[in-house]
Each structure stands twice: as C-alpha cells, then as structure tokens.
Amino acid sequence: MLFIEIIEAVSTASFVPGTQKIPFVILAIRKVDALKILLMVLWETKSLETKRYIALSRPIEEVGKMLGGWSGQLHRQNSPEQSGEKG
C-alpha cells in the first residue's frame with residue numbers, strides 16, 4: 001500500500017501547479033521514510049534476508065534522495081527571496 005501511496009503523491013505533485021506541489025512531495029517523503037522503517041523492522045526481526053533488504057533499500061534510498069532534491073528545489077523556487085519579496 002505504501003508503494004501505491006508514494007506513486008499517487010508523486011504523480012499528483014507532477015501535475016499540480018507551483019506551490020501546490022510541496023504538500024504532495026512532503027507526503028511522498030514521509031511515505032518513503034515509513035517504507036524504509038518498515039523494511040528495517042523486517043530485516044531486524046529476520047523476516048527479510050539481508051540480500052533482499054539491500055536490494056530493496058538501495059532504490060528506495062535513491063527515491064528518497066530524489067524527492068528531497070525536488071522538495072529543496074520547490075522551496076527555493078517559492079521562497080520570498082526568489083519572488084522578490086522582502087521579509
């Protein structure tokens with residue numbers, strides 16, 4: 001279910017304009033973090049072999065980095081300094 005929720009949040013963020021993307025990217029980041037924790041619990045309880053844990057964790061970690069970069073970019077693009085406003 002987490003995979004589907006991540007895909008849904010990312011696809012929604014892809015199609016909404018500007019600042020409306022931020023909540024969906026943040027949601028996707030939270031879901032990826034939850035997925036990483038659940039995988040870790042499975043591995044720690046020996047319910048998931050180390051080889052499979054690594055095989056799943058690496059791409060999920062990469063997705064997390066990509067989402068973090070997207071989030072940072074969105075925050076920079078929508079910051080008051082970027083739009084010419086002064087605090």
Shared hydrophobic cluster, [X] / [Y] (ILVMFWY, side-chain heavy atoms < 4.5 Å):
X: V41; Y: L2; result: no
X: V10; Y: L27; result: no
X: I26; Y: V32; result: yes
X: M66; Y: I7; result: no

| note | Applying side-chain hydrogen bond (donor to acceptor under 3.5 Å, both in side chains) to W70 and not counting sequence neighbours gives none
| Partners passing side-chain hydrogen bond (donor to acceptor under 3.5 Å, both in side chains) against K21 (at least two apart in sequence or in another chain) | none
| query | Among pairs that include at least one residue of residues 1-17, which meet salt bridge (charged side-chain N to carboxylate O under 4.0 Å, His left out), considering only residues two or more places apart or in two chains? | reply | E5-K31
| Who else is in F24's hydrophobic cluster (ILVMFWY, side-chain heavy atoms under 4.5 Å, direct or via others)? |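 Listed partners: V16.
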| said: Which Ile, Leu, Val, Met, Phe, Trp or Tyr residues join F15 in one cluster when any pair of side-chain heavy atoms under 4.5 Å counts as a link? | reply: none
Donor-acceptor pairs under 3.5 Å, side chain of residues 46-65 to any protein atom, not counting sequence neighbours: which ones?
residue : atom : partner : partner atom : Å
S47     : OG   : T45     : OG1          : 3.1
T50     : OG1  : W43     : NE1          : 2.9
S57     : OG   : Y53     : O            : 2.7

| Does R30 come within less than 4.0 Å of D33, counting only side-chain N to carboxylate O? | no
| task | Please confirm whether the backbone N or O of L67 pairs with a side-chain atom of S71, one donor and one acceptor, at under 3.5 Å? | result |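 Not at all, since once roles are kept as given, no pair shorter than 3.5 Å links the two residues.
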